[in-house]
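Let me begin by presenting the structure, written as structure tokens, before commenting on it.
Chain A is the first sequence line, chain B the second, and so forth, proteins listed ahead of strands; every chain is numbered from 1. Scope of the values below: all heavy atoms of this structure, side chains included, with no hydrogens, waters or symmetry mates.
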2 protein chains.
Amino acid sequence: MREFMEIAKALAEENRVRILWLLKEQELCVCQILEVLNLAPSTVSKHLAVLYQARLIDSSKKGRWVYYRLSCGGTRPEACTACDWVFNSLAKDPQIQTDQKRLKSILKMDPEELCRIQAER
Amino acid sequence: MREFMEIAKALAEENRVRILWLLKEQELCVCQILEVLNLAPSTVSKHLAVLYQARLIDSSKKGRWVYYRLSCGGTRPEACTACDWVFNSLAKDPQIQTDQKRLKSILKMDPEELCRIQAER
DNA sequence: ACCATAATTCGATACTTGACGAAATATAAA
DNA sequence: TTTATATTTCGTCAAGTATCGAATTATGGT
């Protein structure tokens, strides 16, 4: 129950659901995610920590960047069923579609370049 | 998104998840539910209102009693997928199993009798 | 070794939520 | 019509959470 509730609570926040969608097709670093969500880095970091705690996502450090990906697949069927639910339920959601478009254009530039732009703001 | 988040938030509370499980096989009146959960009537009522608002459950008044049931089936596929997720994820949960046992013995008595016992406390 | 920087942690604040008891509502029984 | 009672609504309090900016950590480049 504890484990399920942790997942359920992780899913009960719109920004976290949007993050899962962003990670659907590829791993992303924090700066890419926050570029879509338009939130403070610390806020995004906290959301990622919640998703990580619920074991819905995994992370790996590559240089200065931390990459996050769905932990779905491998040894986490619970994460899969949870994500499946989210993905099936929101496939046609306008917010999600906007995010996906925005993500597409962000993926075209280097994370390095993206971070530089963010630093200027 | 709005609709999905309402469902997700409704599921992000243990007592509400337990309520869905109680309603899995039959409809129940409020006094039967609160007998299992051991919460104040007003608290249970609030939880039921949240589930109702998310359109996960339906209600009908029969005399002094209000009966709640899953709104799953019929015109609410969203409720179905949500409940399916809950039911599949917690099929072997100890808390849920205890609740089911407790429910079984509660179902043996009239709601009328049950309410009388509750009033004495 | 020092500086720049991606990300996290921490502290503060505003908001939301879960719990209860008391009061209100609605129905049935007397 | 009065009374008893099943449930809901309301007010309040405590606990939890989302957000931010500032400080901290960790890594890479100079």
Atom pair distance, as rounded to whole Å: CG in A:L48 and P in C:dT8: 6 Å
Candidates C:dA19, D:dA18, D:dG29 - which lies nearest the side chain of A:H47: D:dA18
Distance-only polar pair, side chains of A:E6 and A:Q53, donor-acceptor under 3.5 Å: no
Modelled atom types, side-chain donor and acceptor of B:Q95 and B:D99, under 3.5 Å: yes
Aromatic plane relationship, B:W21 with B:F87 - under 30° parallel, 30 to 60° tilted, over 60° perpendicular: perpendicular
Presence of B:K61 side-chain N/O under 4.0 Å of C:dT27 phosphate oxygens OP1/OP2: yes
d(CD, B:E6; C1', C:dT16) in whole Å: 15 Å
Selection from D:dT9, C:dT8, C:dC20 that lies nearest to any side-chain heavy atom of B:L39: C:dC20
Nearest listed nucleotide, side chain of B:R64, among C:dC20, C:dA29, C:dA19: C:dA29
Residue pair A:S59 / A:R69, side-chain donor-acceptor N/O under 3.5 Å: no
Atom-pair distance (NZ on A:K46; C1' on C:dA12), nearest Å: 14 Å
Nearest to side-chain heavy atoms of B:W65, which nucleotide of D:dA6, C:dA19, D:dC20: D:dA6
Per B:E13 side chain, nearest of listed nucleotides C:dT27, C:dA19, D:dT19: C:dA19
Phosphate OP1/OP2 of C:dT8 contacted by A:Y68 side-chain N/O (<4.0 Å): yes
Distance, rounded to the nearest Å, where A:K62 contributes NZ and C:dA7 contributes P: 13 Å
Between P of D:dT5 and CZ of B:R116, the distance in whole Å: 10 Å
hbond_proxy A:S42 side chain to D:dG21 base (donor-acceptor, 3.5 Å cutoff): yes
Rounded distance (Å) that lies between atom C1' of D:dT17 and atom CZ of A:R16: 8 Å
Rounded distance (Å) that lies between atom C1' of D:dT5 and atom CG of B:L114: 13 Å
Contact check, side chains of A:R18 and A:I33, non-hydrogen atoms, under 4.5 Å: no
C:dA19 OP1/OP2 closer than 4.0 Å to side-chain N/O of B:T43: no
Between D:dT5 (C1') and B:D110 (CG): distance, integer Å: 16 Å
Proximity to the side chain of B:C29 - top-ranked nucleotide from D:dG21, D:dT7, C:dA4: D:dT7
Minimum-distance nucleotide (side-chain atoms of A:V30 versus D:dA18, D:dT5, C:dA7): C:dA7
B:Y67 vs A:K9, nearer the 5' end of DNA chain D by closest nucleotide: B:Y67
